[in-house]
Amino acid sequence: MAYETIIVEIEDHVCLIRLNRPDALNALNDQLLKELARAMTEAQANDKVRCIVLTGSDKAFAAGADIKMMSEKSFTDVFTSDLFTDETAAVARVRKPVIAAVGGYALGGGCELAMMCDFIIAADNAKFGQPEINLGVMAGIGGTQRLTRAIGKAKAMDMNLTGRFMDAEEAERAGLVSRIVPAKELMKEAMGAAQKIAEKSMIATMAVKESVNRSFETTLREGLLFERRVFHSLFATEDQKEGMSAFMEKREPQFRDR
Ligand code: HXC
């Protein structure tokens, strides 16, 4: 079935997913999040895809959950439907690497969606925020949790309590984004990073993702043990032999995901 609120393209092993509700600054509604979850699940299942890039428009990655859609909802509505939980879980569950390329506004659910990705590359016009407090509510899909882990308590409290926006420079200083680039180079940079990842052994890239994410779920001791065992397991792959042989033979490795 065709998508209406996102655009999906696969090029050179990279699946580019573009949020596409320009009239609402890519505000997240049920349809968009369902389509995004489906696209992510399909990208995970597609052998041609080795890395995923999620982006919006020059003006907005996403300006949050759709306020018009939410405005009429009751406690019972959001509690019984567990608003957006299944869809965003599908995004966070993808095991292939996902890069968020953020230009313009990444607010509320938009900021939370970017944080579900593995890392964020920001355009110099990017603005991050958790302004739900201005609507009489609060973040609901990671803005008090992933943001706190990413930038610490002081800034996470500041963002969530005041609703102020953080520009790209501050976001990079705080550790929310990995790189900032001029807005017109955002997609070139993000696709370039994705191509680099796509060249690696996918067994290793998926292992890295799983291991870094594990650090958020467990103690240092358990995390280090997990990392060590996954490291050991990579020695069972042909790609480990190929990667190390290629280094010694001074040539590029040809990884085959085996
Ligand atoms: C619905 C939105 C929207 C949103 C923007 N629009 N954000 N529609 N939901 N979150 C719509 C506007 O209504 C407007 O439509 C059009 O997009 C352009 O927006 P403007 O406000 O005219 O643009 P601008 O003046 O440039 O201001 C941009 C902005 C502002 C600063 C981003 O739009 C804004 O503050 N948006 C809301 C941000 C926010 O509060 N996000 C958190 C949502 S709550 P019309 O039809 O009027 O032209 C959330 C909870 C997540 O995310 C938890 C989920 C479980």
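None of these values were measured; they are calculated from a predicted model. Both ligands and their constituent atoms are indexed starting at 1 by order of listing.
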N/O pairs closer than 3.5 Å, ligand 1 and protein:
from, atom 1, to, atom 2, distance (Å)
ligand 1, 9 (N), I67, N, 2.9
ligand 1, 10 (N), A63, O, 3.0
ligand 1, 10 (N), A65, O, 3.0
ligand 1, 17 (O), D23, O, 3.4
ligand 1, 26 (O), K59, NZ, 2.9
ligand 1, 41 (N), A63, O, 2.9
ligand 1, 52 (O), A65, N, 2.7
ligand 1, 52 (O), G109, N, 2.8

*Close side-chain approach of S201 and D257, heavy atoms under 4.5 Å*: yes
*Not counting sequence neighbours, list each pair that qualifies as a ring pair (Phe, Tyr, Trp, His ring centres under 6.0 Å) and has a residue in residues 212-231.*
F231-F235
*Enumerate the residue pairs fulfilling salt bridge (charged side-chain N to carboxylate O under 4.0 Å, His left out) with a member in residues 17-31, sequence neighbours excluded, ordered by first and then second residue.*
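Matches after skipping sequence neighbours: R21-D66.
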*side-chain contact (heavy atoms from CB on, under 4.5 Å) between L32 and I6: does it pass, once the steps are laid out?*
CA-CA 7 Å; L32 183 146; I6 61 174; 4.3 Å; yes
*With clusters built from Ile, Leu, Val, Met, Phe, Trp and Tyr whose side-chain heavy atoms come within less than 4.5 Å, directly or transitively, what are the remaining members of the cluster of V14, listed by chain and number?*
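When side chains under 4.5 Å apart are linked, the cluster holding V14 also contains L16, V53, I99, F119, I121, V181, L186, M187, M191, I197.
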*Separation of M248 CE from R251 CZ (nearest 0.5 Å)*: 9.5 Å
